[in-house]
Amino acid sequence: MNRIFIILIASLGFISCDDGDIIVTGFEFDDATLELCEGSGTDEYVYFKINSSINEAIALRFTQANFTETPNPLPTTPITFTLDETNNSLIYRQFNNSITNDYFCSNVPPNGIVVTQELISTQGNVTIETTIANEDDNDGIPAEDEDINGDGNLENDDTDNDNIPNYKDQDDDGDNILTSNELANGIPGDDTPRDTDGDGIPDYLEEDDDNDMILTRNEDSSGTQNPRDPSNDSDNDGILDYLDNDSSPSPAVTVSSITANTIRTTYRTSIIITELEFNATTADFNQSTFSLGSRDITIDIDN
């Protein structure tokens, strides 16, 4: 990420401000996207929103050691700090022309941009809270459909007893075959999960898919740790051993390895500012409590 040019606090020749009173009754950035840039200083960050329709922007500049939008594990308490005019600050600006995120994120600020009005916080209390908005194993089954026992609590559904609930487990039955690879039944127009042995339990939730009394994970005579490897067809009939109830894999094996698991996690960072005051006359300002909004980041985390 580009380092931010110190545009929020630098006195630059191409920027000028109106010294008169600013009439701002409140901020309206609800429809603007909350964005983030790293600052030029150590552990410095800038959250900002741009309202292109009327050429205005608002930015929160702060310093916080080891800050991240994707903490693992989540912090037990939100980040809090106070605002002033120099270090941690909220800055509102109006411009003569439209701006883009380059204004905050580029090493070299754009030319021809003039600040026509500016407000800088003199006080305020900032709360930055990061939560997990969504977790899913991206296995082809929506998380809400992995409530196998129907109690409404996804954490209670763990088919293979590996301490990873199904909605976060890419291999729900622990047979060394990803759930996403056990869904298709090969019937055109039918998206019912495959049930090889017809016992009413779909393959992705069953340890012995073909009901031959050999666990699917152990039908791996090739030693590849993958029952789906083409070499695992002991009778050469074109049907893999784990789906063939009359195959005779040899030698008998016991596979104890566990398939790697990745959880797709969406983090949500929300920012609230209270007791907000500015350095200019804003008698009509009615937002002493201001929500800068929230921002979602989705990443894959190995579990």
N/O donor-acceptor pair under 3.5 Å between Glu206 side chain and Pro202 backbone: no

Glu69 side, atom CD; Ile299 side, atom CD1 - distance, nearest 0.5 Å: 10.5 Å

Pairing of Asp300 and Arg264 as salt bridge, 4.0 angstrom limit: yes

Side chains of Ile148 and Leu205 in contact at under 4.5 Å (non-hydrogen atoms): yes

Heavy-atom side-chain contact between Asp197 and Asp209 under 4.5 Å: no

side-chain hydrogen bond (donor to acceptor under 3.5 Å, both in side chains) between Asp139 and Ser180, intermediate numbers included: CA-CA 5 Å; Asp139 62 359; Ser180 58; over 6 Å; no

Spacing of CZ belonging to Phe104 relative to CD1 belonging to Ile91, to within rounding of 0.5 Å: 8.5 Å

OG1-CD distance between Thr80 and Gln64, expressed to the nearest 0.5 angstrom: 8.0 Å

Backbone of Thr63 reached by a side-chain donor or acceptor of Asp43 within 3.5 Å: no

Heavy-atom donor-acceptor pair, Ser247 side chain to Asp235 backbone, under 3.5 Å: no

Euclidean distance, Leu183 CG relative to Arg194 CZ, rounded to 0.5 Å: 8.0 Å

Crowding at CG, Leu74 (>12 non-hydrogen neighbours, <6.0 Å): yes

Close side-chain approach of Asn72 to Ile301, heavy-atom, < 4.5 Å: yes

Glu56 side chain to Tyr92 side chain, donor-acceptor N/O pair below 3.5 angstrom: yes

Polar side-chain atom of Asp102 near backbone of Pro110 as donor-acceptor pair, under 3.5 Å: no

CD (Gln225) with more than 12 external heavy atoms under 6.0 Å: yes

Asp169 and Asp171, any side-chain heavy atoms less than 4.5 Å apart: yes

Tyr242 with Val255, same ILVMFWY side-chain cluster at under 4.5 Å: no

Any donor-acceptor N or O pair under 3.5 Å, side chains Asn156, Asp151: yes

Parallel, tilted or perpendicular: ring planes of Phe62 versus Phe67, cut at 30 and 60 degrees: perpendicular

Worked verdict on Arg61 versus Glu44 for salt bridge (Lys or Arg N to Asp or Glu O under 4.0 Å): CA-CA 7 Å; Arg61 181 178 62 85; Glu44 183 180 78; 3.4 Å; yes

Asp145, CG: over 12 other non-hydrogen atoms inside 6.0 angstrom: yes

Flag side-chain contact, heavy atom, 4.5 Å: Asp157 against Glu146: no

Glu207 atom CD: more than 12 heavy-atom contacts under 6.0 Å: no

Min side-chain heavy-atom separation Pro71-Thr130 under 4.5 Å: yes

Pair Asp137 + Lys168, salt bridge at N-O below 4.0 Å: no

Test: Glu35 and Lys49 ion pair at under 4.0 Å: no

Matching residue for Phe290 among Phe27, Phe278, Phe29 - test: ring-ring contact (aromatic ring centres under 6.0 Å, His included): Phe27

Full working for ring-ring contact (aromatic ring centres under 6.0 Å, His included) between Tyr103 and Phe95: CA-CA 11 Å; Tyr103 182 84; Phe95 306 92; 5.0 Å; yes

hydrophobic_cluster_shared for Leu83 and Ile58, side chain cutoff 4.5 Å: yes

Any donor-acceptor N/O pair, Thr116 side chain to Gln94 backbone, under 3.5 Å: yes

Distance in Å, Asn176 CG paired with Ile258 CD1, rounded so as to fall on 0.5 Å steps: 8.5 Å

More than 12 heavy atoms of other groups within 6.0 Å of Asn163 CG: no

Donor-acceptor under 3.5 Å (Asp241 side chain, Pro227 main chain): no

Asn134 side chain vs Thr266 backbone, donor-acceptor pair below 3.5 Å: no

Exam field: side chain Asp220 to backbone Thr224, donor-acceptor pair closer than 3.5 Å: yes

Under-4.0 Å salt bridge between Asp175 and Arg217: no

Sidechain-backbone polar pair: Thr131 side chain, Ala133 backbone, donor-acceptor under 3.5 Å: no

Check: Thr262 main-chain N/O paired with Gln170 side-chain donor or acceptor under 3.5 Å: yes

Sub-4.5 Å side-chain heavy-atom contact between Cys37 and Phe48: yes

Distance (rounded to the nearest 0.5 Å) between Ile263 CD1 and Ile132 CD1: 8.5 Å

